[in-house]
Engineer: 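The structure under discussion is supplied below as structure tokens; questions concerning it will follow.
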Amino acid sequence: MINIELIRKNPDFVKENLAKRDIFLKDRIDDILKLDEERRQKIKRLEDLRALRNSKSKEIGILKKQGIDTEELEEEIKNLKNDIAELEDELRRIEKYIEDLLLRIPNLLHESVPYGKDENDNVEIKRWGELPKFDFEIKDHSELGVLRGLIDFDQASAMSGSRFSILKGPLAKLERALINFMLDVNTKNGYKEMIVPHLVKGEALIGTGQLPKFQEELYYIKDDELYLIPTAEVSLVNAYRDTILQESDLPINLTAYTPCYRREAGSHGKDIKGLIRQHQFDKVELVKIVHPDNSYEELEKLLLNAEEILQLLELPYRVVALCSGDIGFSASKTYDIEVWIPSQNKYREISSCSNCEDFQARRANIRFKDKTGKNRFVHTLNGSSLAVGRTLVAIMENYQTKDNKILVPKVLRDYMKEEYI
RNA sequence: GGAGAGAUGGCUGAGUGGUCGAAAGCGGGUGAUUCGAAAUCACCUGUGGGUUUAUGCCCACCGAGGGUUCGAAUCCCUCUCUCUCCGCCA
């Protein structure tokens with residue numbers, strides 16, 4: 001959530017910044033400003049009335065002790081009651097309205113974010129690794145997986161519908177190996193391993209920014225009013241909801257493996273085939289809760305920690321800085337890591353590393369006490385240590401052999417106990 | 001699922017209708033004492049909001065939401081959560 005004080009003090013800055021996202025929000029900001037003005041007027045009037053009531057009540061207490069009749073005073077206060085109740089009502093309505101508007105406004109962008117309309121305007125930062133060369137006709141991962149009996153899409157869709165899959169035998173084991181491998185690297189890098197709830201309340205999703213705006217992306221269990229998490233980021237960030245940390249607690253580095261559940265409502269027709277886009281996929285996530293003064297240094301570290309996984313797996317990738325039009329709702333700045341997918345002859349997103357600054361911290365109310373004793377909002381960052389399913393795809397395709405086998409990356413051999421699957 | 005108990009400031013814990021934002025202790029901070037330290041003593045020490053050039057003043061908050069009352073931490077109702085016992089269960 002954007003700081004309303006900033007909107008109040010510098011509305012043009014906010015408008016110009018949000019305009020870079022290529023969505024129209026100017027009028028919305030003006031609405032907020034007007035309502036905010038109205039809100040403060042009402043607060044003033046309401047508090048004056050309450051002060052009057054309080055002092056008169058106090059007087060009654062004193063007079064009664066002295067045995068003096070207070071009926072007249074009591075009548076006076078009764079007359080205030082309606083006005084107070086009415087104002088309280090109006091104020092509550094306005095505050096709710098402002099809150100609703102504010103919760104639907106995306107984060108401000110960092111000055112270093114390149115301007116652009118969509119993903120085509122993202123800026124490549126670096127490339128790593130050599131693209132594999134094949135002296136045979138390659139297969140895409142789903143063809144290879146089905147052929148080898150390692151993936152079953154048909155039975156999965158029979159029981160669950162489209163965009164589900166069953167991994168079998170050594171491929172299932174490879175998925176598990178990847179999860180363990182990533183968690184091992186992350187904990188070695190100083191991230192604390194967490195096991196977190198997969199079902200969360202709406203408040204948690206408001207905290208991280210998925211709600212109220214992206215309801216249609218989420219699986220919702222009506223009877224219990226719980227949502228399935230679309231990413232472990234939700235649970236990890238909310239593990240610190242409504243807390244005041246010590247400055248010495250920062251930075252907090254967390255990692256967790258969870259499945260992620262997404263309805264993919266807006267992506268009909270995209271990536272229909274294969275494991276690339278599923279309603280349920282495994283992901284190992286990284287979250288940092290950091291001091292606001294060095295969150296951009298922390299973002300670089302986070303990116304390197306995610307890159308390290310691909311380097312160890314020896315998978316070629318590139319890093320792009322997302323442009324203003326492609327950055328997610330909660331982020332101020334985002335790097336995507338894209339891994340090479342031979343069958344598509346292009347790089348595909350496998351990790352997304354973002355600094356949300358204090359956007360989530362405000363929503364989830366996560367603060368720390370600074371040296372002067374003041375409570376300040378932390379900055380939160382998140383990144384996929386890697387989307388495990390897509391990593392699996394990348395391994396299957398980049399490491400495939402002529403005889404339809406898959407070479408196990410060296411770092412996974414201890415986990416797999418086998419050289420080929 | 002059944003029965004009971006509880007939820008108060010960073011923590012422990014008092015407070016059952018009026019000057020209580022809340023005793024006391026612990027913890028934390030500042031100062032005095034000391035060559036220095038410990039101990040001791042004094043003072044300070046919750047959050048959010050409104051207003052103000054500022055000191056300040058005001059409002060709200062004692063799990064959440066309603067209600068009674070001139071006035072609620074205190075009385076009433078609903079909900080949530082925690083603990084204990086019983087049952088069930090991976």
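Proteins come first, then strands; the chains are lettered A, B, ... in the order of their sequence lines, and each starts at number 1.
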Engineer: Would you mind checking if A:Lys405 and A:Glu418 are paired as a salt bridge, meaning a charged N to carboxylate O distance below 4.0 Å?
Structural biologist: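 Between A:Lys405 and A:Glu418 there is no salt bridge, as every charged N stays at least 4.0 Å from the carboxylate O atoms.
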Engineer: Could you measure between the two C1' atoms, the one in B:U8 and the one in B:U82, and give it in whole Å?
Structural biologist: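 B:U8 and B:U82 have their C1' atoms separated by 15 Å.
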Engineer: For the P atoms, the ones on B:C26 and on B:U34, what distance do you get once it is rounded to whole angstrom?
Structural biologist: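 Each nucleotide's P atom is 25 Å from the other's.
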Engineer: Checking side chain to side chain contact (heavy atoms under 4.5 Å, CB included) between A:Pro342 and each of A:Glu397, A:Met396, A:His141, which is the one that passes?
Structural biologist: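 Only one option passes, and that is A:Glu397.
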Engineer: Could you check how far CG of A:Asp48 sits from P of B:A60, rounded to whole Å?
Structural biologist: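 Interatomic distance, CG of A:Asp48 to P of B:A60: 12 Å.
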Engineer: I'd like the C1' distance from B:C77 over to B:U19, given in whole Å.
Structural biologist: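 Each nucleotide's C1' atom is 30 Å from the other's.
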Engineer: Rounding to an integer number of angstrom, what distance separates B:A23 and B:U74 when you compare their C1' atoms?
Structural biologist: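 Between the two C1' atoms, the distance is 15 Å.
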Engineer: Drop me the distance from A:Leu87's CG to A:Leu46's CG, to the nearest 0.5 angstrom.
Structural biologist: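 Taking CG in A:Leu87 and CG in A:Leu46, the distance rounds to 5.5 Å.
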Engineer: When all nucleic acid strands are considered with a 4.0 Å heavy-atom cut-off, which category describes A:Arg362: base, sugar-phosphate, or nothing?
Structural biologist: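 Counting heavy atoms under 4.0 Å across all strands, no contact is made by A:Arg362.
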Engineer: Does B:C41 have a Watson-Crick or wobble partner in any strand here, with both distances under 3.5 angstrom, and which is it?
Structural biologist: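 B:C41 is paired with B:G31.
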Engineer: Determine the contact category for A:Arg45: base if any of its heavy atoms lies under 4.0 Å from a base atom, sugar-phosphate if only primed atoms, P, OP1 or OP2 are that close, otherwise nothing.
Structural biologist: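 Touches nothing.
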Engineer: Rounded to whole Å, how long is the line connecting atom CG of A:Asn3 with atom P of B:G48?
Structural biologist: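 Rounded to the whole Å, the gap is 13 Å.
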Engineer: Could you measure between the two P atoms, the one in B:C43 and the one in B:G6, and give it in whole Å?
Structural biologist: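 Pairwise P distance, B:C43 against B:G6, rounds to 37 Å.
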Engineer: Please name the residue in the list A:Leu211, A:Leu199, A:Val234 that meets the side chain to side chain contact (heavy atoms under 4.5 Å, CB included) test with A:Tyr227.
Structural biologist: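 Exactly one option meets the side chain to side chain contact (heavy atoms under 4.5 Å, CB included) with A:Tyr227, and it is A:Leu211.
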Engineer: Students often get this wrong, so: under 4.0 angstrom with heavy atoms, is A:Lys369 touching a base, only sugar-phosphate, or nothing?
Structural biologist: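 Answer is sugar-phosphate: A:Lys369 comes under 4.0 Å of backbone atoms only.
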Engineer: Side chain of A:Ile62, heavy atoms from C-beta onward: which of B:G50, B:U19, B:U47 has the nearest atom to it?
Structural biologist: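 Selected nucleotide (nearest to the side chain): B:U19.
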Engineer: Could you tell me how the ring of A:Phe359 sits relative to the ring of A:Phe329: parallel (under 30°), tilted (30 to 60°) or perpendicular (over 60°)?
Structural biologist: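 A:Phe359 and A:Phe329: perpendicular rings.
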Engineer: For B:U80, give the paired nucleotide (Watson-Crick: N1-N3 plus N6-O4 or O6-N4; G-U: N1-O2 and O6-N3; both under 3.5 Å), or none.
Structural biologist: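 Its partner is B:A7 (Watson-Crick or G-U wobble, both distances under 3.5 Å).
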Engineer: Distance between the C1' atoms of B:U68 and B:G17, in whole angstroms?
Structural biologist: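 So the two C1' atoms sit 12 Å from each other.
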Engineer: Determine the Euclidean distance between corresponding C1' atoms of B:A72 and B:C88; express it in Å to zero decimal places.
Structural biologist: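 Roughly 42 Å separates the two C1' atoms.
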Engineer: Just by distance, do the side chain of A:Arg390 and the backbone of A:Ser351 share a donor-acceptor pair under 3.5 Å?
Structural biologist: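 Not at all, since once roles are kept as given, no pair shorter than 3.5 Å links the two residues.
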Engineer: Provide the distance between the two P atoms, one in B:A22 and one in B:C79, to the nearest whole Å.
Structural biologist: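 Straight-line distance between the two P atoms is 33 Å.
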Engineer: Using a 4.0 Å cut-off on heavy atoms, which residues in residues 30-44 of chain A reach RNA chain B? List them by number, or say none.
Structural biologist: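 Contacting residues: A:Arg39, A:Arg40, A:Ile43.
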Engineer: Where along nucleotides 63-72 of chain B does protein come under 4.0 Å, by heavy atom, of base (B) or sugar-phosphate alone (S), with - for untouched nucleotides?
Structural biologist: ---S--BBS-
Engineer: Would you kindly give the CD-to-C1' distance between A:Glu47 and B:G48, to the nearest whole Å?
Structural biologist: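 After rounding, the reported distance stands at 11 Å.
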